[in-house]
4 protein chains.
Amino acid sequence: MPTPPNPLRRNEASRRSILDAALELCAEVGYGRLTVEAIAARAGVSKKTIYRWWPSKGAVMLDAVDERAKAVAAHPYTGDLATDLRNQLAAVVALLTPSDRSPVAGLIAEAMHDDELAHDLRERLIRPRIDSFDERLRQAQRDGQFPADADLDVALGLVYGPIYHRLVFHLGMPDAAQLDTLVTHALRAFVTKSGTS
Amino acid sequence: MPTPPNPLRRNEASRRSILDAALELCAEVGYGRLTVEAIAARAGVSKKTIYRWWPSKGAVMLDAVDERAKAVAAHPYTGDLATDLRNQLAAVVALLTPSDRSPVAGLIAEAMHDDELAHDLRERLIRPRIDSFDERLRQAQRDGQFPADADLDVALGLVYGPIYHRLVFHLGMPDAAQLDTLVTHALRAFVTKSGTS
Amino acid sequence: MPTPPNPLRRNEASRRSILDAALELCAEVGYGRLTVEAIAARAGVSKKTIYRWWPSKGAVMLDAVDERAKAVAAHPYTGDLATDLRNQLAAVVALLTPSDRSPVAGLIAEAMHDDELAHDLRERLIRPRIDSFDERLRQAQRDGQFPADADLDVALGLVYGPIYHRLVFHLGMPDAAQLDTLVTHALRAFVTKSGTS
Amino acid sequence: MPTPPNPLRRNEASRRSILDAALELCAEVGYGRLTVEAIAARAGVSKKTIYRWWPSKGAVMLDAVDERAKAVAAHPYTGDLATDLRNQLAAVVALLTPSDRSPVAGLIAEAMHDDELAHDLRERLIRPRIDSFDERLRQAQRDGQFPADADLDVALGLVYGPIYHRLVFHLGMPDAAQLDTLVTHALRAFVTKSGTS
DNA sequence: ACTTAAACGAGACGGTACGTCTTGTCTTCCG
DNA sequence: CGGAAGACAAGACGTACCGTCTCGTTTAAGT
């Protein structure tokens, strides 16, 4: 991503301790009070080293979060559309909980006035989840469980939108039952008069 | 809300020029680059005067935006539920456009790591719009156009959620046609097998 | 002194509580940390009332100190020049002790970059003491105990100068024995070869 | 003296421009109206850099004045005690002229309510002059020109005291003739009945 | 006693400077 | 020669006082 200097010479130990320090500090003081100075101090690294490889604290956090998120196992395929979507949604909700202290929530807030960060955040952290979502829905279309002519972007907004709505106004993340209700309603928005297809 | 000191002696001219300066500067440099220092300078006011009446730049902007938002006329009642909801939604979308430079988008981002601001933002700017939404839906329930047992919070999430989803990821605000699609789908989520009621 | 407004309507109670508050606060926090705000608050008086009657905190303190100083009894005439000078000097030393917290030391410091205050300080607080000194020396000249052609300004400098020298460099005020030595030496500076003239 | 951080990494160019700016500004507006803010601006330096190396504007001025004072050549030894003392005294008087605008006079005033500054001022600026004075007097004692049992502190007070007395009350610094009179009288205070020794 | 002009308390106001903080760049020294 | 250590310029932060300026409310002089 940023990495202008020769990535071959990069010191992996520094990179690790920076990402770890960033996550630790974010958990301790929250994304808003996090500073590059503090990350450097905690990581035992000079600020220069951070700025050499990342353009901002947001970029650091994005790398840190991305790495953790990748480590999480893929969602199983159960065959039931609502169940699978709910599982995907639950994973996103977990990323955003607790909404204060969550690095991802902090990144989202920062991305709102940082176009570049917004782009990176979308492409690296969000895109894979959107892709999973789209893929599962397309499978459902092939299986005749979902209207073939449905607009997947609209579906995405209906399923994930309420999560961000709640996040933005500190309304708390939904529990399992609420996720169920949410997915059920969202899918029903695509029901046709004559059945599910 | 904020106003700790004696509000009777407050200088209305100062208050006005502060709110105006805040909105002007936000439009010029964006919420993120806005500073209390600059607001004071532009308004011809001492910083102390700002801090006397507001705890942060967010609180200032909230007052400024709130005042403007109040000045906007109420939405007409057309009798058609989808049309009325779409009009309400369009008004909210207008508040968030353009998403950079929009004071409201800036407030939302800041509220994500400022509990007090989040509370004020919700209660003063968002609550009236939720109330309108709920009221219109209850009217629809009385008219038999909407299921009497529907959960209005879920409905709120389905209608407004997608807007915040788009806002958060810099996806651009929906145009009229997209709003139409959105409201149509959201309402259809509450259709029962045997009709609309 | 300052008093531009009608002195007849002046509120004596306010004046008293301002001067008292000034002395109290000076004793508590020292002249340097003393503020007009604090004096007004302590005295239960508005800042305007202070600025109506005095041009600066220095002027207030000068009034306060002057009033106290006037209340002190005059020095007795013993007939012995050295003894009388030492008594006068001891009174001045008392005014300057302790050198921090002493309002007079604070006034002296402030007077060093405030010409008007320096003038008032000299005329009201210092002049009477110089006059006593001069008067006593002239009496000694008439009595033949001091050379008739001696320059009294030089004598003043020799007697009082060392006090200010010590004050300025935080060297502590002299005790009785040191005062004695001081006066003895200073007077001896005017001894002629052939005796005391 | 002050210098808490690692002095090895200190930027000499910054140090120089700060001290120069301080002296310039003091000459222009006077010590009382001098601000750290203005020094930083004039020196093209951030305020942080000043506060990193000095605790107050007084400490900055002391360094600036000290450096200049060191550059002045030592006083010649003429063999005549009165002449040598008068020369030393004249150098001090020059430091304090003009009494407004003089950085040293400002430092003295500030030192009166700042113990730490008073200490540094005494040790760095005053002490060398006291040492010269004492040394010259001890030489005179060895030469039999000054009583062997005289108290040098008392002598110091008699010679230098009148200078501070005049400084404090805005009486103007003495000219050459007055310095002569002053030293003559001060030395005569140590004359014994039977001669100069 | 009645009026009326002032002095008063309270405290908001425009300013100025404070001393601290963080950012992102630049420099120095050590291994 | 790379990196930690950290100094640096820039500039906003939120606070403290300054001295000025309304506000109503006493309060005491001169009717």
Side-chain angles (χ1 to χ4, degrees), chain A residues 5-6 9-11 13-14 33-41 43-57, chain B residues 5-15 17-18 33-41 43-57, chain C residues 5-15 17-18 33-41 43-57, chain D residues 5-15 33-41 43-57:
Chain A
N6 180 350
R9 319 199 70 143
R10 183 162 188 179
N11 182 333
S14 294
R33 265 174 291 281
L34 188 63
T35 68
V36 174
E37 303 252 0
I39 296 174
V45 136
S46 98
K47 285 200 293 173
K48 180 91 189 194
T49 301
I50 295 183
Y51 284 113
R52 185 162 18 239
W53 301 105
W54 294 275
S56 66
K57 77 167 179 180
Chain B
N6 181 350
L8 296 179
R9 299 188 174 275
R10 185 162 187 179
N11 184 334
E12 174 59 17
S14 294
R15 193 183 137 277
S17 57
I18 289 167
R33 264 175 289 283
L34 187 62
T35 68
V36 172
E37 200 114 11
I39 296 174
V45 137
S46 91
K47 284 200 288 175
K48 178 82 195 208
T49 299
I50 296 183
Y51 284 112
R52 176 149 42 224
W53 303 104
W54 294 278
S56 66
K57 76 168 179 177
Chain C
N6 181 350
L8 295 180
R9 318 198 70 142
R10 184 162 189 178
N11 184 334
E12 174 59 17
S14 294
R15 192 182 140 277
S17 57
I18 290 168
R33 264 176 290 282
L34 187 62
T35 67
V36 174
E37 302 249 2
I39 296 174
V45 136
S46 102
K47 285 200 291 174
K48 179 90 188 200
T49 299
I50 295 183
Y51 284 113
R52 178 152 35 227
W53 302 104
W54 294 277
S56 66
K57 77 166 178 180
Chain D
N6 181 350
L8 297 179
R9 298 181 177 274
R10 184 163 190 178
N11 182 335
E12 174 59 17
S14 294
R15 193 183 138 275
R33 263 174 291 283
L34 187 63
T35 68
V36 173
E37 201 114 13
I39 296 173
V45 137
S46 92
K47 285 198 290 175
K48 179 87 194 207
T49 299
I50 296 184
Y51 285 113
R52 177 152 36 230
W53 301 104
W54 294 278
S56 65
K57 76 167 179 179

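These figures come from a predicted structure and were not determined experimentally.
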Find the distance [X]:[atom1] to [N]:[atom2] and express it as a whole number of Å.
| X | N | atom1 | atom2 | value |
| --- | --- | --- | --- | --- |
| B:W53 | E:dC13 | CH2 | C1' | 11 Å |
| B:R9 | E:dG9 | CZ | P | 14 Å |
| B:E12 | F:dC23 | CD | C1' | 17 Å |
| B:R52 | F:dC17 | CZ | P | 15 Å |
| C:I39 | F:dC17 | CD1 | P | 12 Å |

**OP:** Look at B:T49 and E:dG14 and indicate whether a side-chain polar atom (N or O) is within less than 4.0 Å of OP1 or OP2.
**Re:**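 True: B:T49 side-chain N/O within range (under 4.0 Å) of E:dG14 OP1/OP2.
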
Original post:
Within the pair D:S14 and F:dA9, is there a side-chain N or O less than 4.0 Å away from OP1 or OP2?
Top reply: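 It does, given that an N or O in the side chain of D:S14 lies less than 4.0 Å from OP1 or OP2 of F:dA9.
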
**OP:** Hey, which sits more toward the 5' end of DNA chain F by its nearest nucleotide, A:S46 or D:V45?
**Re:**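 Final value for this comparison: A:S46.
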
Original post:
Going through the distances and angles, do B:Y51 and B:V36 end up as a side chain to side chain contact (heavy atoms under 4.5 Å, CB included)?
Top reply: CA-CA 9 Å; B:Y51 284 112; B:V36 172; 3.7 Å; yes

Subject >> Any residue meeting side-chain contact (heavy atoms from CB on, under 4.5 Å) with A:V45, in chain and number order, not counting sequence neighbours >> reply: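 So A:V45 forms a side-chain contact (heavy atoms from CB on, under 4.5 Å) with A:S14, A:S17, A:I18, A:A43, A:T49, A:I50.
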
Subject >> Nearest non-hydrogen partners of C:S46 and C:A40, listed with the distance >> reply: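 Heavy-atom minimum between the residues: C-CB, 4.2 Å.
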
**OP:** Would you give the length of the straight line joining atom CH2 of D:W53 to atom CZ of D:R15, rounded to the nearest 0.5 angstrom?
**Re:**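 Answer rounded to 0.5 Å: 10.5 Å.
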
**OP:** With DNA chain E as reference, determine whether C:A43 or B:N11 sits nearer its 5' end, using the nearest nucleotide of each.
**Re:**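 The residue whose closest nucleotide sits nearer the 5' end is C:A43.
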
Original post:
Which letter, B, S or -, goes with each nucleotide of nucleotides 18-25 of chain E from 5' to 3', with contact meaning a protein heavy atom under 4.0 Å?
Top reply: BBBBBBBB

